[in-house]
Amino acid sequence: MAEYNHLEIEKKWQKIWTENKVFESKESSSKEKYYCLEMLPYPSGNLHMGHVRNYSIGDVCARFHRMKGENVLYPIGWDAFGLPAENAAIKNNVHPVKWTKQNISRMKEQLKSLGISYDWSREIATCDPEYYKWTQWLFIKMWEKGLVFRKSANVNWCPSCQTVLANEQVSNGVCWRCESHTEHRELEQWFIKITAYADELLEGHKQLTGWPEQVLSMQKNWIGKSCGAEICFTISGTDKKLKIFTTRPDTIFGVTFTVVAPEHEIISKMKPKILNYDKVAEYILASSRKSNIERSASKEKTGIRLEGINAINPATGKEIPIFTADYVLTGYGTGAIMAVPAHDQRDWEFAKKYNIPIVEVIKSNNSNITEHAYENEGELINSGQFNGIKSTEAFDTVIQWVQKQGFGKRTINFKLKDWLISRQRYWGTPIPFIHCDKCGIVAVPEKNLPVSLPEDVKFTGQGESPLKTSKTFVNVKCPKCGMDAKRETDTMDTFVDSSWYYARYCDAHNIDFAFDSSKLNYWMPVNQYIGGIEHACMHLIYARFWYKFMRDLGIAKHDEPFTNLLTQGMVTLGGSAMSKSKGNIVSPDEIIPKYGADTLRLFILFAAPVEKQLDWSSDGIEGCWRFINRIWRLFDVVSTKSVEVACQKNKDELLKLMHKTIKKVTCDVEKLQLNTAISSVMELVKGLYAYKYHSNDEGVSLEVYKTVILLMVPFTPHLCEEIWEKLGYKECVSTYTWPVFDENMIKESFIELPVQINGKLKGKVLVPADIQETEVKNIVTANNKIMVHLKGKQITKFIYIKNKIVTIVIKDLHI
RNA sequence: GCCGAGGUGGUGGAAUGGCAGACACGCGAGACUCAAAAUCUCGAGUCGCUUUGGCGGCGUGUGGGUUCAAGUCCCACCCUCGGCACCA
């Protein structure tokens, strides 16, 4: 056979797959459905190795399940809205539509050259009006259900550009365009009340048995449910109250100060009484320039006392100081805390720094509160009528007392915040609402959807939202009263678009509705979802929330959208994630011309377990190239029997190895442990080379060879198709049946048992499988190599782990 | 700072508490060749000893612990990465 020409072969089969619509899926099938999905890509303009890894994993999964006889849905699309397109428009004066479409067609070409088995007929882009029409429709439904609201929120503001900046457009407190210092500013924003589903998002984890534990744990902490109490502290000499949230009401007698966030309203309300207001204002300005991460990440907690005002501890009646400090965040709880330095390490450090008294209220046995806080449980002391109660019980007792006294109540608090979805930008789904002076905020009627993005927009990076510059867009008639009105000019966060795209694939080109529910309910939930670990919290919570909303709307029937989740590890270069914005991209185009897509796919899956971080290096790609060529050359060996060499492996051994390999690869691929699946096929190929031609072969080598090809289809589909054709098959191997193994062929009749003496390996014995312990003992103690070590010693223990290992513990006889 | 991962030969990695280093890369040796490439075969954690058959010590980020047995379980620590709500 001619040399392996990947350029020709890969093109040939990509064409055949497309022309014969091999991977297009239909709902009507007697087979069981299987929905395999990768997180949809952002069209940055170039595929990088992170993409290649993601889609190689997904393709193995899709192809494997197809060969297992399932009706597989495996679609792809584009998360096409977003900031980079608009940045490109500002920098290079290219329209976001043009920029995005170019990127999509470029990346689509790259994807096709990888030979991923997508159903391209279902391709979508979230920036297409046919798609975002339904994003808008769903958003209006949320509004109608009371899940959308407006309130003012903090944004990054560049005073020189007079514009809102994304976090990414601010580095070190400086604007990306003009390098002036940015500020925080309050603006009216659109929110989705995701907190209404907080409990269900947490409870839903019980159904997610196919998700990695680490993701559930991250989400749990993100949702951050905590039970506690809201307690009111009166400001001394006034009737004003300071409401705090605490998870430790049992420590209330130990509260020696309170801390409010710099944004807390109490500061402006009490301004006339605050003696050092100038200094406080300075502190507030400084913290407004920091991001939330900067605020909480600094080791040294900073703060400033609001001099002139005090709060009263409602339990002790004592006056205590009020501080403002930026480690207290305005978005969590009530934006104010009661500080118990004796029993909270952060409060303890703060108290030490500012010389605040530390009052111990929970007795600790071995802990000294002059050294650090005691955060564990114990018996209450210095706590009036509660002395002697265990702190765990006191939690409830104190809340009941507080509630009776009328200065507080039991509450549940979530870290999860409502979802701020509005952006003052052009390249996003327009928020389909109209502002009417008379009627207020009015939803755009369904018949007028989509609200399309206008073309007459200037991209300067300065001033208000770009949509405001379009005359045709802004001015409308109110759908209710017909008077002149203004369109909403904010667009949506792109996480909204990607919260329901998996549902659109089920019926991708429906023009009458977002999707036909019967089709959705046929395909959903997604059997296997695959994407980067960096999406563990935000996207994966938003999408779960959105699906539950669609269920409650009656258009979907399951509770959770993704049954099994695989979070692949990042592909890094020099230690940090590959991304266009960081400029550390390695493109598949650097590899494919030389080695082909099959080699690249095989290599990236073989290089590391899929869920682990992989620092890119092309060292080792030669090995995969060689392996593919070894398989290619085997064709001559098994089909012509032209090579005759000494046989190092007998027929039975080879067949046993084949069945073992089928079992191993099947199990591994099911669990997506792809690197070890590949290495076991490598061993089978090695076995086949060691066997080669045998005079009594009876077609054994051909049978094993076909198995190798079938096992490799998900990894190197082009190669396998070509060989399969040469073997005389008319049908694509992509739709052939996955091989099965025979358990009887795998059974071992003899087992080599390692023998350890005092924990050290001293020898091995060959014994029949499933042999009894007494027999093992006879064999082992009669073994020459072992006997040497037992001479003059006493056996204190003899441990036999069936079919696994023998351990002998000995000591000297005379001691 | 908080939450979640990870750390094993020169390199990527393998190993339901049971033989550490499978499978590869790179390296070395041999075969083939006029020669090279390709290919095929073999070798190797490391240090020491060796009568050249082997034998022994040390080895999974660091320090402790549990166990007949620890890369794996427990405790403390160090380093790297991901996320932290307007990058996607």
Side-chain angles (χ1 to χ4, degrees), chain A residues 3 39-42 44 79 81-84 87 153 155-156 164-170 189 212-215 217-222 224 291-301 327 331 346 415-425 493-495 498 532-539 541-542 567 569-570 572 575-577 579-582 603 606-609 611-615 617 619-624 626-627 629-630 633 645 675-676 678-683 686 689 752-761 763-764 796-799 801 804-809:
Chain A
E3 220 170 86
M39 290 179 187
L40 90 174
Y42 177 77
S44 61
D79 186 17
F81 277 134
L83 190 63
N87 286 349
V155 294
N156 297 310
V164 177
L165 297 176
N167 286 343
E168 206 189 48
Q169 294 172 312
V170 181
Q189 301 283 330
E213 206 48 57
Q214 59 158 312
V215 174
S217 168
M218 279 190 259
Q219 288 203 352
K220 186 181 170 221
N221 292 325
W222 185 272
S291 71
N292 280 356
I293 295 172
E294 284 170 322
R295 280 168 62 159
S296 54
S298 57
K299 241 180 187 151
E300 180 94 7
K301 302 293 171 231
Y327 73 88
R346 209 159 53 163
K415 277 210 182 83
L416 183 71
K417 296 188 234 169
D418 281 323
W419 180 10
L420 194 170
I421 61 101
S422 51
R423 302 288 182 268
Q424 291 68 50
R425 287 201 259 287
D493 176 8
T494 57
F495 275 124
S498 59
I533 182 69
E534 68 274 19
H535 294 292
C537 285
M538 304 181 70
H539 163 64
I541 287 181
Y542 294 144
T567 48
M570 299 234 138
T572 59
S576 62
S579 79
K580 196 171 183 189
S581 55
K582 282 186 196 134
F603 173 61
F606 180 58
E611 69 282 352
K612 259 188 77 175
Q613 183 177 317
L614 169 63
D615 199 51
S617 155
D619 291 354
I621 200 160
E622 288 276 352
C624 289
R626 278 202 282 265
F627 177 58
N629 280 279
R630 269 166 80 84
R633 281 192 305 272
V645 285
N675 56 331
T676 49
I678 294 165
S679 72
S680 68
V681 184
M682 285 175 171
E683 283 176 89
K686 223 190 219 178
Y689 264 88
E752 197 181 42
L753 278 182
V755 181
Q756 287 184 342
I757 295 176
N758 285 353
K760 301 247 178 218
L761 182 72
K764 288 179 183 182
T796 56
K797 244 180 203 180
F798 184 92
I799 302 162
I801 311 295
K804 198 141 259 174
I805 198 166
V806 173
T807 296
I808 305 171
V809 185

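We name chains A, B, ... by the order of the sequence lines, and we start the count at 1 in each one.
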Lys/Arg cation over aromatic A:Tyr327: A:Arg346, 6.0 Å, 45° cone: no
Protein-nucleotide distance (A:Lys612, atom NZ; B:G12, atom P), rounded to Å: 9 Å
Spacing between A:Met570 atom CE and B:G12 atom P, to the nearest angstrom: 20 Å
Given B:C86, B:A85, B:U39, the nucleotide with the shortest approach to the side chain of A:Asn156: B:C86
Interatomic distance where CD belongs to A:Glu294 and C1' belongs to B:C2 [whole Å]: 16 Å
Partner nucleotide, any strand, of B:C25 [Watson-Crick/G-U, under 3.5 Å]: B:G10
Proximity to the side chain of A:Lys797 - top-ranked nucleotide from B:A5, B:C68, B:A85: B:C68
Gap between atom OG1 of A:Thr567 and atom CE of A:Met218 - 0.5 Å precision: 7.0 Å
hbond_proxy A:Lys220 side chain to B:C3 base (donor-acceptor, 3.5 Å cutoff): no
Parallel, tilted or perpendicular: rings of A:Phe495 and A:Tyr542 (30°, 60°): tilted
A:Gln613 side chain, from C-beta outward: closest of B:U39, B:C81, B:A85: B:C81
Separation of atom CZ in A:Phe627 from atom P in B:G12, rounded to whole Å: 22 Å
Check: A:Gln169 side chain, B:C86 base, donor-acceptor under 3.5 Å: no
Gap separating the OG1 atom of A:Thr676 from the CE atom of A:Met682, nearest 0.5 angstrom: 11.5 Å
Candidate nucleotides B:G82, B:G83, B:C19, ranked by approach to the side chain of A:Leu761 - the nearest: B:C19
Nearest listed nucleotide, side chain of A:Met682, among B:C23, B:A85, B:C40: B:C23
Whole-Å gap separating C1' (B:A85) and CZ (A:Arg423): 9 Å
Quiz item: A:Thr807 side-chain donor-acceptor pair to B:G18 base, under 3.5 Å: yes
Closest nucleotide among B:G26, B:A24, B:A85 to the A:Tyr542 side chain: B:A85
